[in-house]
Number of protein chains: 2
Amino acid sequence: MRSTGPPPPPVPSGSSHLLRTINERAALYHLMDNETLTRVELRRLTGLAKPTASHVMSRLLESGLAVTAGRTTARQAGPKAEVYTVNADYAFAAAATLREPDGITVAIADLKGHEKASSAMRVDFTAVPPDRAVLNLLRRTSEVAGIDPDRIATLHIAVPGAYDADTDTIGHADIPGLSELRMRTSLEAELGAAIEIHNDVNAATVAERRNPEAAGGLVVLWLGREGLGVGIDLQRGLLTGLHGAAGELGYVPVSPDRTGADDPTFQDWLGAPAVAELGRAHGIEGDDAPAVLAAAVGEGASDFLDEYATRVAAALRLLKCLLDPPQIVLAGEIARAGGETLLGHVRDRAEDFGERVIPSAVYGDAVAIGALDSAHDDLKDRILDSALGTGP
Amino acid sequence: MRSTGPPPPPVPSGSSHLLRTINERAALYHLMDNETLTRVELRRLTGLAKPTASHVMSRLLESGLAVTAGRTTARQAGPKAEVYTVNADYAFAAAATLREPDGITVAIADLKGHEKASSAMRVDFTAVPPDRAVLNLLRRTSEVAGIDPDRIATLHIAVPGAYDADTDTIGHADIPGLSELRMRTSLEAELGAAIEIHNDVNAATVAERRNPEAAGGLVVLWLGREGLGVGIDLQRGLLTGLHGAAGELGYVPVSPDRTGADDPTFQDWLGAPAVAELGRAHGIEGDDAPAVLAAAVGEGASDFLDEYATRVAAALRLLKCLLDPPQIVLAGEIARAGGETLLGHVRDRAEDFGERVIPSAVYGDAVAIGALDSAHDDLKDRILDSALGTGP
DNA sequence: GCCAGTGATAGTAAAATTACCTAACCAATA
DNA sequence: TATTGGTTAGGTAATTTTACTATCACTGGC
């Protein structure tokens, strides 16, 4: 379904053109990696000779991928070196989130990763199909930011559900009309952009990559206002699974050896319903699960916190034993409401791997931020792969 | 601990030398991928011009990596094309397994992946340290096969335990002296070879890659004679975890919500002890867990099989929900003893993902085969990376 | 049934192309 | 005046294109 024809060999071959492509790719990579660059710095990074570095740079300027950004303020002898940057407006990355009952958000970033515009809108998905809603808000947002929608090269969408890339369908989604839609196909037809659809927890997991502590790989236990999920980001990239349904801890039975009729899952035992029930048992009130946790922390209800932390630690032990990740991030609205207090209790219960449990390093909407980060990474990869190397 | 200095940029750059290296690498890759190759076939695979293909081939011959293998039996007009092959004796890959109470096995394969020799030996690890035992048997085996031990470029060792590459230590190992050893360091000093140490279940998982059905990724539930384990091989390579302790399902509590004193783990509930206990309860006898299963299958004890299959399916559901793998392989001595019968029962219990559960496709010692496959893959990678490209 | 002619294929040789590197040079600046 | 940024000129190394030779199966006349 994905690709046709035989796959290209993993080891390329070619002639002088390939060499030029390689060197231009390398230069572009360093340019995207370094904010600003002079010819001399490029020379040092790539090891190319002076005339070659010069030539490669002028090719990048011609193609519009690089732009000049003044000259160095020379404090050494000699002329001032010309400074180059990536052309931030060469192409844009967009991200959208779909949530119930919040509606949708859209954000657009330039090639440098700077957010240019964002907007949110409540949507009644029974009245407006999700794909139309995203399209409308994306067009409006790009207009506000003064961005030509045709320059948006990637669009990543975070949805609450499991996206199956092979069939272009979304499973386990509680948004009306979402499971019947072929979202990627329909949006790709309207927009020119490359569309990717991610699970919301996976998007939040990408956002946690901003934490330099988690560079070696991380697993996120997402304790959301409603649902529960796990994001796995180890070695190279997200683990999404065959049908995009990896990390669905919520569907796992807590006690498979008990063949009772109720058969509680981790969602029942650890998710929002469990928090509400635990709150009632301990006399702690709140409108929703995060509120209950905030109240518990405020009141110093250590019995409640111990009980809940024990459950969280049990889930973490499962993840630690199966995946042995360098870091386990506690994230989501409930975890945020629990704050350092909850984290401390969980660490106490986690015993041997407590030091690996860290709080979320993301401020703000992790799902939206992660989706935009993901779209931006994808954009850079695509620019690197396609914008050059189509020489004679 | 692993590398010093700044990492090289992921996008290389270079001059004509690089180009030649690239093309020779490509040729070598195709040569290793294709058993035999003529210049014309190489031309078609790489897209290189005729004289270049010729030149690259003669370089490979000079370096000793390729050898001639006669000429084609021309059934078309024109001269017979010269046929080339990888020089199978250019370098060798070795594998070893350490098991209690079986002792150690050693196997050696040539660059083409053909097994040249293998041997097994019972070892009293309290008398002979594991690293010395491996070294001795490896030297003896290579002597028997007439292979210069210096040409053994990779050695992969499968051990029952979690290998931590950073500290070069093995945890959770029940072989005397194994946890005190720095096995890689000590063997690397004696042998010139590159040493890798794998968990035994992970080695068996590599062996399952031979099954073309599992090309999209697989997870192995290993029901061994003694222990229980999970091998995860998705997207890119094995998931080993920070301390090599990924896949240790045996240590996971079955029912975290029950805070009883016994606190049974999956090992207790699904491993060899559980099989023995279940056998006693159903009046089925056997010397060890596989024997009990074989007896149950022979007697058609469907009550026993249903009960055990229900437990296996519970573990599989956990793996399916967390990892969503394309295939789940049932392997290990217990699973083999249960055969198609057990598989059928498990599939019935697995409901929605039963069709993804497949039997092991490996005949013989999966751990030893996987370790050798792994060593051979590593050998090919290293040859590709190092043998060429050291030009002027 | 034999043997030269024909055409297709394997491989090599020479010239042209492309991109890189070194070395020399010019200009700007502390 | 020495140093640095940048360009120009000439040379090198790898490729490709074009042209050529050698080999071999097939064919058809003798």
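Side chains included, hydrogens not; waters and symmetry mates left out as well; all remaining heavy atoms used. Computed from a predicted model, the values in this text were never measured in an experiment. To find a chain, count down the sequence lines: A is the first, B the second, and so on, and within it residues start at 1.
For Asn23(B), the side chain to side chain contact (heavy atoms under 4.5 Å, CB included) partners are Ser13(A), Leu19(B), Leu48(B), Val56(B), not counting sequence neighbours. Take Asp378(A) and apply the salt bridge (charged side-chain N to carboxylate O under 4.0 Å, His left out) test, not counting sequence neighbours, and it matches Arg382(A). Leu45(A) meets the side chain to side chain contact (heavy atoms under 4.5 Å, CB included) test with His30(A), Asn34(A), Leu37(A); sequence neighbours excluded.
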### Message
Strictly under 4.0 angstrom, non-hydrogen atoms only: write out the protein contact profile of nucleotides 3-13 of chain D, one letter per nucleotide from the 5' end, B, S or -.
### Response
BBSBBB-----
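Between its two ends, the helix from dG1(C)-dC30(D) to dA30(C)-dT1(D) turns its axis by 10°, counting five pairs per end and rounding to 10 degrees.
Within the structure, a side-chain polar atom (N or O) of Asn23(A) is placed less than 4.0 Å from OP1 or OP2 of dC20(C).
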Distance-only check: which donor-acceptor pairs under 3.5 Å involve side-chain atoms of residues 188-198 of chain A, not counting sequence neighbours?
{"residue": "Glu190(A)", "atom": "OE2", "partner": "Arg132(A)", "partner atom": "NH1", "Å": "3.1"}
{"residue": "Glu196(A)", "atom": "OE1", "partner": "His198(A)", "partner atom": "NE2", "Å": "3.3"}
{"residue": "His198(A)", "atom": "NE2", "partner": "His156(A)", "partner atom": "ND1", "Å": "3.1"}
{"residue": "His198(A)", "atom": "NE2", "partner": "Ser374(A)", "partner atom": "OG", "Å": "3.3"}

Output side-chain donor-acceptor pairs under 3.5 Å for residues 142-153 of chain A, partner residues at least two apart or in another chain, one line each.
{"residue": "Ser142(A)", "atom": "OG", "partner": "Leu138(A)", "partner atom": "O", "Å": "3.1"}
{"residue": "Ser142(A)", "atom": "OG", "partner": "Arg139(A)", "partner atom": "O", "Å": "2.9"}
{"residue": "Asp148(A)", "atom": "OD1", "partner": "Asp150(A)", "partner atom": "N", "Å": "3.0"}
{"residue": "Arg151(A)", "atom": "NE", "partner": "Tyr90(A)", "partner atom": "O", "Å": "3.2"}
{"residue": "Arg151(A)", "atom": "NH2", "partner": "Tyr90(A)", "partner atom": "O", "Å": "3.2"}

Under 3.5 Å, side-chain donor or acceptor atoms of residues 208-217 of chain B against the rest of the protein: list the pairs with distances, not counting sequence neighbours.
{"residue": "Glu208(B)", "atom": "OE1", "partner": "Ala361(B)", "partner atom": "N", "Å": "3.0"}
{"residue": "Glu208(B)", "atom": "OE2", "partner": "Ser360(B)", "partner atom": "OG", "Å": "2.5"}
{"residue": "Arg209(B)", "atom": "NE", "partner": "Asp233(B)", "partner atom": "OD2", "Å": "2.7"}
{"residue": "Arg209(B)", "atom": "NH2", "partner": "Asp233(B)", "partner atom": "OD1", "Å": "3.2"}
{"residue": "Arg210(B)", "atom": "NE", "partner": "Asp373(B)", "partner atom": "OD2", "Å": "2.8"}
{"residue": "Arg210(B)", "atom": "NH2", "partner": "Asp373(B)", "partner atom": "OD1", "Å": "2.9"}
{"residue": "Asn211(B)", "atom": "OD1", "partner": "Glu213(B)", "partner atom": "N", "Å": "3.0"}

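For residues 35-49 of chain A, every residue pair satisfying the salt bridge (Lys or Arg N to Asp or Glu O under 4.0 Å) rule, not counting sequence neighbours, is listed here: Glu35(A)-Lys112(A), Arg39(A)-Glu82(A).
Rounded to a whole Å, the CG atom of Leu42(A) is 12 Å from the P atom of dC20(C). Between the P atom of dC20(C) and the CD1 atom of Ile22(A) lies a distance of 10 Å, rounded to the nearest Å. Atoms CZ (Arg59(A)) and C1' (dA19(C)) sit 11 Å apart, rounded to a whole Å. Residue His55(B) contributes atom NE2, which lies 7 Å from atom P of dA14(D) at whole-angstrom precision. Separating the CZ atom of Arg43(B) from the P atom of dT17(D) is a distance of 9 Å, rounded to the nearest angstrom.
Test Leu242(B), Leu239(B), Thr240(B), Leu234(B) against Leu234(A) for side chain to side chain contact (heavy atoms under 4.5 Å, CB included) and you get one pass: Leu239(B).
Among the atoms of the strands shown, only primed sugar atoms or phosphate atoms (P, OP1, OP2) are found under 4.0 Å from some heavy atom of Leu48(B).
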